[in-house]
Amino acid sequence: MKLEIEKYFDRLWPICRSLTGNGNRQSFKILKEIVDIKIKEIPSGTKCFDWTVPPEWNIRKAFIKDSKGNTIIDFENNNLHILGYSEPVSLKLDFDLLKEHIYTLPEQPDLIPYLTSYYQKRWGFCMSHNQFCTLDKNEIYTVLIDSELNDEGSMTIGEAFIKGKSEKEILFSTYICHPSLANNELSGPLVTAFIYKHLKQKKKLKYSYRFAFVPETIGSICLLSEKGDHFKENLQAGFVITCIGDKGDYTYKRSRIGNALPDRAAELILEQTENNFNLVEFFPSGSDERQYCSPGFNLPVGSLMKTMYGKYPEYHTSADDKDFISFEVMEASVYKYLDIIELIEHNEKYINLLPNCEPQLGKRGLYPTLGSQKITDNFVDGMMWILNLADGEHDLIDISKRSQIKVQDLYPIIDKLLEKKILKINETKIS
């Protein structure tokens, strides 16, 4: 899988994405090779709660040249050089005027910052502070930004859906709005796409699965303005997928609810599969979880990341590149999410159909009749815990935590007890 992820990464990397524009449509065209994405265009000017979809922005070229025609910076060499959503300009100006439109990171002088001005009209360029310090203060510079802001344009969003047995849904939301950033952009949609690819091959799914590929903030707000009531009724768990490709420890940011199904499932899987990981309480900033968890919705949406946004020095800089991420990590992150999904699919409240004392398991072939072996002892131990806690109140996550038996080891025991009709699912849990 990792080689396939890398192949798609290389194709997506040079594309200039933003809140709107042809770069997003080009990215969706590539992702549609993996995911059955349905594209929707939301017209500029559309109201989404307190927000408005901005004009569509497209850029063709942008550069700064000196009076001798030497190129100082060129958008074609690195699309982070342009301040996102810059207005079109064609000017000759001196250094003092130019420097008002140059953005750098003095504290990280070798790096190009990633900056945008979505909702305030301006233009600008980003460059390393070291390069900025070499600019000739006596020069007259030529500046060109060949861009367009179209009030008649639209914002492109994409959704995919896998129908399960239930109308209840699990949501995976990721964003497509950053240009060439590896961990903070492409890791999210690529891991999400390969989760979809694996789930699409499953023959029986209890839940239905929705995948949202949207521009950050305005995209999820528009999605909620359209589907918010549906999510309130049907969403059982959701995850915002971002910053999932670096080599740091896993970080799970809880939902606003704090102990919702995604929180409990993600934390149990991390506890049982990782030596080191970080748990973070919900806070009302960050990525799109802050929209899904806003007080008007308060949906059960968390976020499993590697190193959290803002917590690594490469964040929102040109150093967040291919060298910073690991395709092995991205592959492992797909499987980590699939482990969480498997737990959510299995997680039920069970009822012991023979609750009066211990059932006679030997006659059902579930208890050893001669001696014991470790594998049998483990099976029996798990069986005893399940039968004792199968009172219709404790779910599988509870049973695994209480028994300290890995949840993957409980799956076959549950299946066997259901098969022998000693156990049944509390049907009030799912519709």
Side-chain angles (χ1 to χ4, degrees), residues 12-27 44-45 52-106 108-156 176-181 184-185 215-218 316-321:
L12 290 162
W13 173 255
I15 299 172
C16 185
R17 287 167 290 276
S18 188
L19 293 187
T20 62
N22 292 325
N24 292 22
R25 297 185 186 101
Q26 185 181 354
S27 298
S44 298
T52 303
V53 176
E56 181 177 329
W57 181 68
N58 285 295
I59 182 167
R60 287 170 283 275
K61 59 183 176 179
F63 58 75
I64 302 174
K65 293 184 178 183
D66 65 18
S67 59
K68 301 179 183 62
N70 298 312
T71 299
I72 307 301
I73 56 174
D74 193 331
F75 165 75
E76 288 190 7
N77 294 333
N78 191 321
N79 56 36
L80 296 183
H81 276 313
I82 195 70
L83 175 72
Y85 256 66
S86 282
E87 295 182 289
V89 295
S90 180
L91 297 170
K92 290 185 183 294
L93 65 175
D94 62 21
F95 174 81
D96 287 336
L97 289 175
L98 176 64
K99 71 180 182 180
E100 299 302 316
H101 298 275
I102 299 292
Y103 301 90
T104 70
L105 290 169
Q108 294 175 290
D110 294 324
L111 305 182
I112 305 167
Y114 163 64
L115 291 171
T116 64
S117 183
Y118 294 139
Y119 300 103
Q120 179 66 46
K121 288 188 176 182
R122 55 167 60 93
W123 64 269
F125 290 87
C126 300
M127 65 170 65
S128 74
H129 193 71
N130 284 341
Q131 184 182 18
F132 174 74
C133 291
T134 67
L135 295 181
D136 188 339
K137 295 178 174 57
N138 299 311
E139 262 287 3
I140 300 297
Y141 294 93
T142 297
V143 170
L144 175 71
I145 300 177
D146 183 8
S147 65
E148 179 184 21
L149 287 162
N150 182 7
D151 290 327
E152 303 300 316
S154 62
M155 176 178 70
T156 311
I176 298 186
C177 57
H178 294 63
S180 296
L181 297 174
N184 185 224
E185 169 74 355
E216 196 172 21
T217 304
I218 184 63
H316 276 193
T317 76
S318 55
D320 186 357
D321 58 12

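These figures come from a predicted structure and were not determined experimentally.
- Listed for the Ser44 side chain is a donor-acceptor partner under 3.5 Å among the backbone atoms of Gly153.
- Between Ile176 and Glu216, every side-chain heavy-atom pair lies at or beyond the 4.5 Å cut-off.
- With no hydrogens or angles considered, no side-chain donor-acceptor pair links Thr156 and Asn24 at under 3.5 Å.
- Taking Ser154 as the reference, Arg25, Glu41, Glu56 meet the side-chain contact (heavy atoms from CB on, under 4.5 Å) condition, with sequence neighbours excluded.
- In this structure, Thr71 has no side chain to side chain donor-acceptor pair (under 3.5 Å) partners at least two apart in sequence or on a different chain.
- The shortest side-chain heavy-atom distance between Lys99 and Asp96 falls under the 4.5 Å cut-off.
- With contacts defined as side-chain heavy-atom distances shorter than 4.5 Å, the pair Phe95/Asp136 does not qualify.
- Side chain to side chain, Asn184 and His178 meet the donor-acceptor criterion of an N or O pair below 3.5 Å.
- Thr142 and Lys65 share no donor-acceptor pair across their side chains, judged by distance under 3.5 Å alone.
- In this structure, Thr317 contributes its side chain and Pro113 its backbone to no donor-acceptor pair below 3.5 Å.
- When the salt bridge (Lys or Arg N to Asp or Glu O under 4.0 Å) test is applied to Asp146, the partners found at least two apart in sequence or on another chain are Arg60.
- A search for ring-ring contact (aromatic ring centres under 6.0 Å, His included) contacts involving Tyr85 returns Trp57, Tyr118, not counting sequence neighbours.
- Not one N or O on the side chain of Gln26 forms a donor-acceptor pair closer than 3.5 Å with the backbone of Ile15.
- With contacts defined as side-chain heavy-atom distances shorter than 4.5 Å, the pair Pro179/Arg17 does not qualify.
- For the ring-ring contact (aromatic ring centres under 6.0 Å, His included) test, no residue two or more places apart in sequence or in another chain qualifies with Phe75.
- Not counting sequence neighbours, the partners of His101 by the ring-ring contact (aromatic ring centres under 6.0 Å, His included) test are Trp123.
- For Ser147 (side chain) and Asn58 (main-chain N/O), no donor-acceptor pair under 3.5 Å exists by modelled atom type.
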